[in-house]
Amino acid sequence: MKLVNDEGFARALDDADELRAFRDEFLFPKGVDVYLAGNSLGLQPRRVREYVNQELDDWAALGVEGHFHARHPWLPYHELLTDQTARLVGALPSEVVVMNTLTVNLHLMLVSFYRPTPKRFRVLMEASAFPSDQYAVQSQVRWHGRDPSDAIIELSPRAGEDVLRDEDILAAIAREGEALALVMLGNVNYLSGQKFDMKAITRAAHAVGASCGFDLAHGAGNLRLSLHDDGPDFAVWCNYKYLNAGPGGLGGVFVHERHASTDRPRFSGWWGHDKATRFKMGREFVPLPGAEGWQLSNPPILQLAALRASMELFDRATIAKLREKGAALTGFCEFLVRGIRGVTVITPAARGSQLSLRVGPRAKALSAALKDRGVICDSREPDIVRAAPAPLYNSYVDVFRFARVLGELMEAT
Ligand SMILES: *Cc1c(COP(=O)(O)O)cnc(C)c1O
């Protein structure tokens, strides 16, 4: 389709958008004209309040009996999210669980899947990984008595380039070979918006005998994922970015079926214990098969309730259609901002619904000025503005207005 830089054109695209009604399922902050920060914190679905209130009412009315007699009994409550989560990330239901938060889950996975030996101890990750992922991996490396500067191999783009080349990732895996214990990448990268070829990377990692895991903080609810078929050993993500679970919302975990009954070490808690005998309170831990076996505690029901409201919307819209719209929205955004002097799009074509724009040293001031004009996106040091058109609630007119205001501000400075 030939794109046109015109609000009427954007409006026509919205009129033709079969997902446009989902926008009405969300609450938009007061005074905000355009919200493009769903990669940081997704908006609140209207029905969150009802779903959370249901549990507050049941708690008030039933006390401890709510575990069994709430309208949605709390004991198996997390299972209400299992099928939807599995569909969302392309996994078997037994391969996923909603629990804890992202960095906690990353640690739990590293405990099981980073098992260094004297010969095989290295971890391959991105130099521009999200800091929490770096802290987690560094601390695990130290906890195994190793030096991060020796054990962690960081991937950087080639000189003069902004994003990693897939072939360079694969070459680094081959080069580390038998020294490589784990490949641990984001997908997509939070800073550049780059999506990696999960299947090829997983295959390359396994070919040298390494484990492979992905941080899908910016992938879950954004990309169309096929975790089971692509075959990484584990993946972790948060549900509060594209998935709208609310600030500090629960995380998600994928453990591939091949590890369903693993005897790898893990940190254990009673909620990972066999359901049939959990309340016999025996001394010996018998893990549930699959991802649920990594659960520690009985989960926060109010957080799960909030997440349900959003996951139902994803299920209705389907991730396939959302990805299609996300690609179109992001493509329209790219088309518009490419016409603005002083703005460089660093996000490559392999991406989800995020554009990272290099705007020079005034990135922070620029995102503040955008906010003053009712446009919410964010900046990352030193020179990047990130804009994420979320296909569940963003429109083509949103993208048009963002680009128009950005253009005006770039002209003015
Ligand atoms: C958002 C994000 C985090 C945040 O971690 P929490 O444990 O949820 O606070 C970690 N890693 C990546 C890649 C992220 O994008």
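All ligand and atom numbering here is 1-based and tracks the order in the structure. Side chains included, hydrogens not; waters and symmetry mates left out as well; all remaining heavy atoms used.
Checked against a 3.5 angstrom limit, the closest N/O atoms of T101 and ligand 1 fall outside it.
Near H218, meaning under 4.0 Å from any of its heavy atoms, are these atoms of ligand 1: 15 (O).
In D215, the part holding a heavy atom less than 4.0 Å from any atom of ligand 1 is the side chain. The proximity of T103 to ligand 1, defined as any non-hydrogen pair under 4.0 Å, involves the side chain as well as the backbone.
Annotation: atom 8 (O) of ligand 1 to nearest protein heavy atom, Y240 OH, 2.6 Å. For atom 2 (C) of ligand 1, the closest non-hydrogen atom on the protein side is K241 NZ, 2.4 Å. Regarding atom 11 (N) of ligand 1, its nearest protein heavy-atom neighbour is D133 OD1, 2.7 Å.
Checked against the 6.0 Å centroid threshold, H259 and F113 count as a close aromatic pair. Between W270 and F279, the distance separating the two ring centers is shorter than 6.0 angstrom.
The residues D197 and K199 are annotated as not salt-bridged, no charged nitrogen and carboxylate oxygen being separated by less than 4.0 angstrom.
Other residues, nucleotides and ligands contribute over 12 non-hydrogen atoms within 6.0 Å of the CZ atom of R46. Applying the 6.0 Å contact sphere to OH of Y135 captures no more than 12 heavy atoms from other residues, nucleotides or ligands. Dense packing is recorded around CZ of R120, with more than 12 heavy atoms of other residues, nucleotides or ligands lying under 6.0 Å away.
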